[in-house]
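Just below is one structure, and these are the notes that go with it.
Count residues from 1 along the sequence.
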Amino acid sequence: FLDACSSASDGIFLSYSRNTVLADLNEPSHYWTGFDAPVEDVELSTTFNVPEFDIDAGIEQARRGKTPVVSLTPEQKEAWSHLQGLLSFENRPENLTPELAKRLYVKERREDGCHIAPSYSALDTYAENPYEFFLSRGLGLRKKEDYVLSPKNAGTYIHDLLEAFTNGDLNVPGSPVFNAGEAAADAIAHVARNLDENVSRNSEHEEDILSMLSATAQTRRFKERLEDTFRRYLVDLKNRQMENQSQAALGETGFNTKDSIRNVRDGIDIPFELDGKTYHLDLSGTIDCISVVNREGEDTTYLEITDYKTGNFSNLTTNLDIKLENGIKLQLVIYAMLIEAHMDEIRKMLEDRGFEVRDRIEIISSAYARVNDEKKGNSRKDDRYYEIGISDEGYSTKDKTEITIPFKDVENLIVDAYRDILSGHLEISPYQLGSKNGLEYSDFKNIMCFDELFGNSYRELKSRNTDTKEN
């Protein structure tokens, strides 16, 4: 840094505060002597320069609205008033008017009422921190994305490979055992061929990702590592299918979406009333994989839902039961609700693909699948999967299998959130759960300026049923 500044132009200015927060004088580092430049005092001292003034006692007096007993000059009084103003400041946004909130969030009006299409990620954002929902979903603020290879790009490539395998010719219906090496090579070639022929659903974006992965020797090695990760996942998938009598069947199945391989036209319509008007929440989504389980001697075909995760797996699954009860990470539950609402269409898709579907069909689980090389302690079996149980009545988590949460409760949770949103509720209140909180991965921390000294606080998440310790 010193070398860089020393060789820079004469137009660079470096500054530091003359005083510490305790009113002591700051002394410049000995590295300062490396600069052959004049030092100018701009007289912006924050001290009151009153010998008998106790800054700590003064702050306490300011908090109580009292004036210091010492005699202050007019300039010092002005500085004191400024300090009082800072201490009384509260970083609390005002609520929106309901009229403004509806203009921000209601995008479609039909004869039967106003329609809103919330994604599970939008619901996550509101439950994690309502003010971030306003910034991202209301104002439409976005973090600027640079044209660089990111973990998100790597995840997209692996998702494309898994989709190509599931829907490919080497995944033969009724044959859960396959050659992982051949299947991986076929999927890799399929993705590249689709982009060459411009038949991919999102070919321009995916072509950008492949071009970045193939740009340099280093990125090509990274691409090879991603493909090795994909192969290892297929090996574990084959073993899992042999043990569970299951088979991946439908890749990329959308509900009320445009870009999926196969699509159910409708999602789920959740109507509710607010201020004398009817609103409709149109839930939609795209499921990475639907697997079938046909056990010997049974007349039921069971379905397993899988969502692939290439990022940090443990952060996602820790205390998932409490997060779900508070409206966070509802993705797996919403996917199950979508299939339950459109089971006949799913049956037809499976039969058209060539899979056996028995007289009865029901969902038994919805799971995150870890598609990376992260190791989870000494666990050997099924450490790639984190499941929640699904039944006709609702869901149950891995940690609280004795409790079933009805799907109707989930719908009510979503409706309550949107009642608050459309009423204009604004609050900087990120959740806190163990060592994790709703600001940890936020792109908007600098905008929100969360500070407990200025009235902000975390909202502690608790189980609504029974106390649950951190996993």
Side-chain angles (χ1 to χ4, degrees), residues 120 124 158-159 162 166 176 232-253 285-295 298 300-340 343 346 350 361-372 374-407 409-410 463 465-466 468-471:
Y120 70 85
D124 270 2
I158 286 185
H159 273 73
L162 288 161
T166 304
R232 282 190 286 273
Y233 177 79
L234 290 187
V235 171
D236 288 350
L237 174 65
K238 179 180 71 173
N239 294 334
R240 178 182 173 86
Q241 291 187 165
M242 293 171 62
E243 292 177 4
N244 296 348
Q245 301 179 53
S246 63
Q247 185 175 1
L250 302 178
E252 292 288 328
T253 304
T286 300
I287 300 175
D288 286 343
C289 181
I290 300 174
S291 298
V292 298
V293 181
N294 285 318
R295 296 168 180 160
E298 297 190 23
T300 302
T301 292
Y302 301 102
L303 303 182
E304 295 177 333
I305 301 166
T306 303
D307 186 76
Y308 304 126
K309 295 298 179 186
T310 57
N312 190 307
F313 200 65
S314 58
N315 283 348
L316 178 70
T317 58
T318 299
N319 280 328
L320 184 60
D321 51 347
I322 299 179
K323 293 174 184 174
L324 288 171
E325 290 175 35
N326 288 274
I328 300 176
K329 305 303 178 192
L330 289 175
Q331 180 181 15
L332 296 180
V333 179
I334 289 175
Y335 286 172
M337 293 166 61
L338 287 167
I339 292 182
E340 286 285 357
M343 194 66 84
I346 297 300
L350 290 169
I361 181 171
E362 61 184 66
I363 312 170
I364 55 172
S365 69
S366 191
Y368 291 123
R370 176 179 61 80
V371 192
N372 57 35
E374 172 189 325
K375 296 297 182 184
K376 188 177 179 182
N378 297 320
S379 177
R380 180 187 65 83
K381 186 177 179 181
D382 278 353
D383 68 329
R384 283 192 180 273
Y385 297 88
Y386 188 98
E387 297 179 343
I388 63 173
I390 302 294
S391 68
D392 293 342
E393 299 177 356
Y395 75 90
S396 57
T397 66
K398 183 177 182 179
D399 308 302
K400 298 168 70 175
T401 54
E402 73 280 4
I403 298 176
T404 296
I405 310 298
F407 289 137
D409 286 3
V410 178
S463 172
N465 294 289
T466 60
T468 303
K469 296 181 180 178
E470 185 169 343
N471 303 325

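- Contact detail for N244 and V293: the closest heavy-atom pair is O-CG1, 3.5 Å.
- Every residue two or more places apart in sequence or in another chain was checked for a salt bridge (charged side-chain N to carboxylate O under 4.0 Å, His left out) with E298, and none qualifies.
- Under the 3.5 Å distance criterion, the side-chain polar atoms of R384 are left unmatched by any main-chain donor or acceptor of A369.
- The side-chain contact (heavy atoms from CB on, under 4.5 Å) check on S291 picks up A248, C289, E304, with sequence neighbours excluded.
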Report the C-alpha separation of I405 and V333 in whole Å, then their side-chain angles, then the decisive distance to 0.1 Å, and conclude whether the side-chain contact (heavy atoms from CB on, under 4.5 Å) test is met. CA-CA 10 Å; I405 310 298; V333 179; over 6 Å; no

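- Expressed to the nearest 0.5 Å, how far CG of L338 lies from CD1 of I287 amounts to 6.0 Å.
- The number of heavy atoms from other shown groups lying within 6.0 Å of CD (E362) is above 12.
- Residues meeting the side-chain contact (heavy atoms from CB on, under 4.5 Å) test with A367, sequence neighbours left out: E387.
- The shortest non-hydrogen separation linking A336 to I390 is CB-CD1, 3.7 Å.
- Atom CE of M242 is surrounded by 12 or fewer heavy atoms from other residues, nucleotides or ligands within 6.0 Å.
- Residues satisfying the side-chain hydrogen bond (donor to acceptor under 3.5 Å, both in side chains) test with Y395, not counting sequence neighbours, are none.
- With sequence neighbours left out, K238 forms a salt bridge (charged side-chain N to carboxylate O under 4.0 Å, His left out) with no residue at all.
- Within the model, atoms CG of L330 and CD of E325 stand 11.0 Å from one another, a figure rounded to the nearest 0.5 Å.
- Put simply, OG1 on T310 and CD1 on I158 are 6.0 Å apart, with the number rounded to the nearest 0.5 Å.
- A distance of 10.5 Å separates OG1 in T301 from CD1 in I364, rounded to the nearest 0.5 Å.
- Remark: side-chain polar atoms of K329 are not paired, donor with acceptor, to backbone N or O of T317 under 3.5 angstrom.
- For the pair R295 and Y302, the cation sits on the ring face: its NZ or CZ lies under 6.0 Å from the ring centre, inside 45° of the axis.
- With sequence neighbours excluded, the residues forming a side-chain hydrogen bond (donor to acceptor under 3.5 Å, both in side chains) with Y335 are Q331, listed by chain and number.
- Between T253 and L250 the shortest heavy-atom distance is OG1-CB, 3.6 Å.
- Listed by chain and residue number, nothing satisfies the salt bridge (charged side-chain N to carboxylate O under 4.0 Å, His left out) test with D288 (two or more places apart in sequence, or in another chain).
- The side-chain heavy atoms of I305 and I363, taken from C-beta on, include a pair separated by under 4.5 Å.
- Considering only heavy atoms from C-beta on, Y386 stays 4.5 Å or farther from K309 through its side chain.
- Across Y385 and F313, no two heavy atoms sit closer than the pair C-CZ, 4.2 Å.
- Closest heavy-atom contact between S463 and I322: N-CG2, 3.9 Å.
- Here R232 pairs with D373 under the side-chain hydrogen bond (donor to acceptor under 3.5 Å, both in side chains) rule; sequence neighbours left out.
- Within the 3.5 Å criterion, the main-chain N or O of G311 finds a donor-acceptor partner in the side chain of N372.
- Annotation for G327 and D124: closest pair O-OD1, 4.0 Å, computed over non-hydrogen atoms.
- Rounding to the nearest 0.5 Å gives a distance of 6.5 Å between OG1 of T166 and CG of L162.
- Under the side-chain hydrogen bond (donor to acceptor under 3.5 Å, both in side chains) criterion, S365 pairs with no residue, sequence neighbours left out.
- Taken to the nearest 0.5 Å, the CG atom of N239 stands 11.0 Å off from the CG atom of L234.
- No side-chain heavy atom of Y120 sits under 4.5 Å from any side-chain heavy atom of L332.
- With sequence neighbours excluded, the residues satisfying side-chain contact (heavy atoms from CB on, under 4.5 Å) with D392 are E340.
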